[in-house]
Every structure is written in C-alpha cells, then in structure tokens.
Amino acid sequence: MASEVELRRDVKRRLAELGIDPYPHAPKGAVTPVREVVRASSPGSAASVAGRVVGIRRHGGLVFFDLVDDGYRIQCSVSRGEVSRDLFDFFEKFVDVGDFVYVAGQVYYTKRGELTIAVSDLQLLAKALRSPPVKWGHRIVDPEVRYRKRYLDVMVTPQVRRIFEIRFRTIEEIRRFMWDRGYVEVETPVLQPIYGGAAARPFKTYVEALGEEWYLRISLELYLKRFIVAGFSKVFEIGKNFRNEDIDVEHNPEFTMMESYEAYADYNDIMKLTEELVGTVARRVLGTDVVEFPTGGEPVKINLSPPFRRTSLYDAFREFAGIDVESMPDDEVKEYLRKYSIRLTGGYDRGRAVVKLFDRIVGREYLIQPTFVTDFPRSSSPLAKPHRSRPDLAERFELYVGGMELANAYTELNDPELQASYFREEEERRRLGDLEAHPFDWDFVEALEHGMPPTGGLGLGIDRLVMVYAGVASIKEVIPFPMVKPREFEQKRG
RNA sequence: GGGCCCGUAGCUCAGCCAGGCAGAGCGGCGGGCUUUUAACCCGUAGGUCCCGGGUUCGAAUCCCGGCGGGCCCGCCA
C-alpha cells in the first residue's frame, strides 16, 4: 500500500497532466482575511478567502469543508447541484486536508446556523504532501512531536497558538510600555570577548576573523551600563541570553530577557516600574490582571495589580519559614546547607549560602502572589551597590510570582574601584572552583572610571512572565522552538 | 549528576506482569449518502513492535547495553 506522501505525489502528477500548477504564485482573486468575513459578513454577500483545509465532511452531492486562515476558521460548502461538474470533481479528486485553497462564493447560514461560504470558484494554492497529525482543534499528545515540530502543534491546536499570541503580544506591549516612559531601545553584542552580568556558564564560540575564542552573552547588563556611561539616560533591550546550564521546566539554555537601565533612579524606583509593567502589560494583553497559574497541580488565582507585596529577604525567612537567618551563627547556616544538600562551589560564603537557602526554602514554596524580595547579602551581588544603611546588604530586589524568580534588579554599582574589588572576589571564587563566578571585566571597570550616574537597573525574564500570563507551568510551552536533542528521522520516500 | 516511568500502524493506545498467529478506534484508500461540523454506513490496505546484543525450540513480551522522551530531585545567586 502506498504511503500518504506517495498518494499525494500522485495527485500532483495528475494535476500536472491537466496543466494545473499545484503551487501557483498567487491566488487568482482578491483575498479577504477570514477574520473579517467571520466578523462582518451578512448572508447573501460575496466573499473570497484563502486558507488551509482542516476538515472535510462529504455527503454525496454536498461537501462541507473547513478553512483556517490566520487562526480563524470558516465553513465552506460545495454542492454538486449548484456548481459546475468540473469544480465539484476537482474538489473530490484533488483537494485534501492540509492543502491551501482559494475560494469565492456567497455567504449563507446552514440549517444549524453556521456561517458558510457556498463555493462557486475554487483554486488550489498549495498542495500538502502530508496531512496534519491530528484533526484540527485537537491536541498532539506526544511531547516529542509538540516540541520538535512546533509548527504542527500551533497549526492544529488553537490553545497552543493562543499561548504564542500572548507571548508576542507581551513583547509588543513591553516595548510600548517602555517607549511610553521615554526609554530608548538599544542593541548590544550577542558575541562577547568576556561574558558577564550573571552567574552562569557560557557557550563558547570561535571568531575566525580574530583567531580568538569568544562567548555568547549570558546577560545584557554590562553593555547596557556602558550606554548609561555613554550618556543615554534610559535604555532597554529585549534579547536572547545563553546559559550553558541544564534544561528543566523553568530553564532553557536560550531564553529571552528584557533589561533596562535608568539614570538617576534607584531600586525603589525600579520596583515601581516593574510592578506597573507587569500589571499594565497583563491588562493590555489579557484584558485582566488576574491570572490562573498552576502551582503543585492546582490552579491558583494570582493578582498582578500593583502594588506588589514587599519584604526583605531576612523578613521573608522569618515570616514564611520561621527561621531567623540574620542572627544565625555560621555553623547553623552550614547545618542548613547540609540538611538541604546544597553544595557551595568557590568556598563557603555566608551571603551566597543564605541566597541558596532562600531559593530552596522560601521562594518556590511561598512566593506565589507577586512579591518583591529586597536587600540581598552584599557578597551575593557583585554588580549591585551596597545598601545605603546596611553595609552587609546590597540594594537589590527579586520579583517572585508563582514561585518563580521573574525579575532581578539593583541600584547599580557605579564606583569603579569597588567594582574592581568585587571582580577580584569573583576571581578568587573562580580559582576555588566556582565555574559560574564572574570573570574580571577590565574594560567595564574602565568604563565606570569615566563616570556612571547613579542608576537603577532591571532584568526581567520574558519567558517566565509569559508563563504567568498564559497560565502554563513549563517554559517549553512558551518558547516557540525549545531546545531538544536532534534526532535523525527516517525519510520515507517512494 | 541521581531516581522513576515511557517508546507497538500516520495518530491515540491495547497486548508485556504469566514468552506461542501483532490488535482496536481514529485517520487513509474504495463504495454509498445534498445541511454536516470529531458527520454517518459498508468494505479495505497499512508494522524495522526505538536500536543492538543475550536467554529460549520460540521474544513486542524476559535479561543486558544504547538511543530518544517525560516527570521528580540536585544544579541554574
């Protein structure tokens, strides 16, 4: 028995014998988006549309089929009694589910009350040699197919398409929000001689022209701050970061961040900016700032309208876990590290130990509603400015929603000599085996030496924000083509 | 990096525990049907049982190794 592809190739051959191009360059008539026909057409009016055939229901002399164009579906019918014999036979012999067609005809309502185009003219626009894997409107079950061939997932499942509509609208509205506040959207290099701005292992690459090993950026931070040094007061960038770390429901090696930097602002200003952004963009994209997010299987209502709860890291420990980490002796901190089997690379450091414990004990578990966690230990934040009244802390906050870290922000460190000394601490850590410690970036320090105004900066994880908006618990659901291992598929050729 | 689970027709899955002819529904193909919408009715084709090795008279089934995937844990400030 011939395979589907073979059968449809045969259809192509027979079309060619009749002098019909299965891949014409353009539709023969003007095309109206199906969306407009569905919204505005009245019975009796003419309509000409184009789309993919997603379902065919044959009743002898009458055939119903569904057309989908840009996410909108419309039913069409071909009646043997009302069209030429050629047109009816053409549809029967040559049109399959998956094909793109152009149709023209008159709009009417069926007995069941569905808006339908009575087709009087039809043109094949593109022959599909493979049909969709499942009927339109259904879900593909196999995750391998969903992620490897996302185009199929989006093609057949409107709910999946909806997630990506939310994603791209979110990015659009973030841009609008930032533009409206006078931020300039800039571009910084993806390929960098020294990576920085986060604690992560980088992807390495090789620049033939320079004969050097370079890196894919792990954050946007250090170059955006150079823009502030250069004299731009408000800048932002939305772009891909690359971290050579493991893949799970909250992490993809390639992910999208928005970072912004604003001169003459501190982390309190940035908190206001952040909550307004998260709430405003939600309302513009979703029409509401109350969303449902699955945590531990159960959907929880999350309210994204500002202001968000604010708590210091130490207070959050006390409030949610009943632990006073602030006054705890080092021995006891180490005991907690053992208890939660947390290993610190680069030697014991109280600040970094506390942050790791926080992630483990408090963040994921308790911070479901939007919460700003403020004032992290200074040693865990080498790019942030020390706290104005607490030298052991940094002016830093993280935003948690749904138990995920959504944003990270500082009053930026702008003292070049302090920055240099923090870089030296990081180098020492790297020497002690911390592969995620910051490399020393002399060029950045030199930029700071030229003077950077007091600045507030923000890093916002776009993928995770979209997870919250779309109400999905896996980052793979919001990344169009998540990273999956390549696989050799057998090509079935006839 | 550790643990658990999964891989059988284009798709969803049964068969595996307890070894003995490789199955169902959907989809495809053929036929019927002029108001259906997961249309319906009749018929029919379709298989590298993920790959390799082992045990056995005999392996989809049991054992070992590998590949791919999912979930959980660790890690990802």
Side-chain angles (χ1 to χ4, degrees), chain A residues 1-8 10 54-66 73-82 88 96-98 108-114 116 118 130-148 152 156 197-201 218-219 243-253 255 297 313 340-346 349 351-360 363 373 376-377 379-384 394 396 398 405 408 426 429 434-438 459 473-476 484-490 492:
Chain A
M1 188 61 191
S3 73
E4 176 182 61
V5 172
E6 286 162 352
L7 287 166
R8 292 199 177 189
D10 195 53
V54 298
I56 301 174
R57 295 173 292 282
R58 300 173 202 277
H59 301 263
L62 176 67
V63 178
F64 290 101
F65 62 97
D66 296 324
R73 186 193 70 93
I74 191 163
Q75 177 170 265
C76 304
S77 65
V78 189
S79 168
R80 189 161 48 200
E82 295 172 19
F88 192 84
D96 294 296
V97 170
Y108 73 107
Y109 281 102
T110 63
K111 281 181 184 171
R112 298 284 175 94
E114 176 157 354
T116 302
R130 298 174 191 270
S131 61
V134 300
K135 289 183 187 182
W136 188 82
H138 292 239
R139 287 181 182 276
I140 299 173
V141 174
D142 186 349
E144 278 206 66
V145 176
R146 293 195 56 222
Y147 299 147
R148 288 179 195 283
L152 294 176
V156 301
R201 292 157 70 179
I218 60 170
S219 92
R243 297 186 185 174
N244 216 336
E245 314 270 6
D246 273 353
I247 302 171
D248 67 25
V249 291
E250 287 178 18
H251 299 86
N252 194 63
F255 65 104
L313 185 122
Y340 289 97
S341 53
I342 295 169
R343 281 166 304 154
L344 282 184
T345 50
D349 172 84
R352 287 164 18 94
V354 165
V355 171
K356 290 219 177 211
L357 281 173
F358 180 83
D359 289 343
R360 183 64 193 276
V373 178
F376 283 62
S379 62
S380 72
S381 315
L383 301 169
R396 168 184 179 183
E398 288 187 346
E405 180 196 333
N408 184 21
E426 291 292 313
R429 213 164 262 151
D434 184 355
L435 296 172
E436 291 163 357
H438 271 87
S474 168
I475 200 167
K476 284 190 169 116
V484 286
K485 256 194 167 178
R487 187 172 174 185
E488 287 166 32
F489 283 92
E490 294 170 32
K492 291 185 179 172

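Within every chain, numbering begins at 1; the chains are lettered A, B, ... in the order of the sequence lines, protein sequences first and strands thereafter. Everything numeric here is computed off the predicted structure, so don't read it as measured data.
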Rounded to whole angstroms, how far apart are CZ on Arg58(A) and C1' on A38(B)?
16 Å
Out of U36(B), A77(B), U12(B), which nucleotide sits closest to the side chain of Phe64(A)?
U36(B)
Taking donor-acceptor contacts at under 3.5 Å, does the side chain of Asp246(A) reach the base of G74(B)?
yes
What interatomic distance, in whole Å, is found between P of C26(B) and the corresponding atom of A18(B)?
34 Å
Complement of G1(B), any strand, by Watson-Crick or G-U distances under 3.5 angstrom
C73(B)
Roughly how far apart, to the nearest Å, are C11(B) and G27(B) at atom C1'?
7 Å
Ile140(A) has an atom CD1; how far is it from atom P of G69(B), in whole Å?
17 Å
Hey, what do you get for CZ (Arg146(A)) to CG (Leu152(A)), rounding to the nearest 0.5 Å?
11.5 Å
Does the Glu245(A) side chain pair with the main chain of Ala200(A), one donor and one acceptor, at a distance under 3.5 Å?
no
How far, in whole Å, is C33(B) from C42(B) if one measures between their C1' atoms?
12 Å
Measuring only the P atom in each nucleotide, how far is C62(B) from G7(B)? A whole number of Å is fine.
11 Å
Round to a whole Å and report the spacing from OH of Tyr340(A) to P of G74(B).
11 Å
Which is it for Asp434(A) and Arg201(A) under the salt bridge (Lys or Arg N to Asp or Glu O under 4.0 Å) test, yes or no, and what are the steps along the way?
CA-CA 10 Å; Asp434(A) 184 355; Arg201(A) 292 157 70 179; over 6 Å; no
Answer yes or no: does a side-chain N or O of Arg148(A) lie under 4.0 Å from OP1 or OP2 of G69(B)?
yes
Walking RNA chain B from its 5' end, the first of Pro382(A) and Val134(A) to be reached, judged by nearest nucleotide, is Val134(A)
So which one's nearest nucleotide on RNA chain B is more toward 5', Val97(A) or Asp66(A)?
Val97(A)
Can you check whether Lys476(A) has a side-chain N or O nearer than 4.0 Å to OP1 or OP2 of G70(B)?
yes
Counting any heavy atom closer than 4.0 Å, what does Gly137(A) reach on the DNA or RNA strands: base, sugar-phosphate only, or nothing?
nothing
Between C21(B) and C49(B) - P atom distance, rounded Å:
15 Å
Checking all strands, does Glu398(A) fall into the base, sugar-phosphate, or nothing category for heavy-atom contacts under 4.0 angstrom?
sugar-phosphate
Please state whether the phosphate of U37(B), meaning OP1 or OP2, lies under 4.0 angstrom from any side-chain nitrogen or oxygen of Arg112(A).
yes
Tell me whether His138(A) contacts the main-chain N or O of Val156(A) through its side chain, where contact means a donor paired with an acceptor under 3.5 Å.
no
P atom, G3(B) versus G65(B): distance in rounded Å?
12 Å
What's the spacing between Ser131(A) OG and Glu4(A) CD if we round to 0.5 Å?
3.5 Å
Say you draw a straight line from CD1 of Ile74(A) to CD of Glu114(A); how long is it, rounded to the nearest 0.5 Å?
8.5 Å
Backbone of Asp96(A) reached by a side-chain donor or acceptor of Arg8(A) within 3.5 Å
no
Counter-base of G43(B), judged by Watson-Crick or G-U geometry with both distances under 3.5 Å
C29(B)
How long is the line joining CZ of Arg146(A) and P of G70(B), in whole Å?
11 Å
Does a side-chain N or O of Arg360(A) approach OP1 or OP2 of G74(B) to a distance below 4.0 Å, or not?
yes
Under 4.0 Å between a side-chain N/O of Arg57(A) and OP1 or OP2 of A39(B), yes or no?
yes
A77(B), C72(B), U34(B): which one has an atom nearest the side-chain heavy atoms of Val249(A)?
C72(B)
Taking the C1' atom of each, how far is U48(B) from C67(B), in whole Å?
15 Å
With the side chain defined as heavy atoms from C-beta on, His138(A) is closest, among U35(B), A77(B), A38(B), to A38(B)
Glu250(A) to Ile475(A) - nearest heavy-atom pair and separation:
O-CD1, 3.6 Å
Name the nucleic acid region contacted by Pro253(A), choosing base, sugar-phosphate or nothing; use a 4.0 angstrom heavy-atom cut-off, strictly under.
nothing
Base, sugar-phosphate or nothing for Ala200(A)? Non-hydrogen atoms, less than 4.0 Å.
nothing
What is the distance from CD of Glu405(A) to C1' of A77(B), rounded to the nearest Å?
8 Å
Contact class for Glu436(A) vs. all strands (heavy atom < 4.0 Å): base, sugar-phosphate, or nothing?
sugar-phosphate
Glu144(A) CD - G10(B) P separation (whole Å)
16 Å
Nearest-Å distance once atom C1' is located in both C72(B) and U61(B):
28 Å
Using a distance-only criterion (donor-acceptor N/O pair, under 3.5 Å, no hydrogens), is the base of U36(B) paired with the side chain of Gln75(A)?
yes
If you compare every side-chain N and O of Lys135(A) against the phosphate oxygens of G27(B) (OP1, OP2), does one of them come in below 4.0 Å?
yes
Whole-Å distance between C71(B) P and Asp248(A) CG?
9 Å
What is the distance from CD1 of Ile475(A) to C1' of C75(B), rounded to the nearest Å?
16 Å
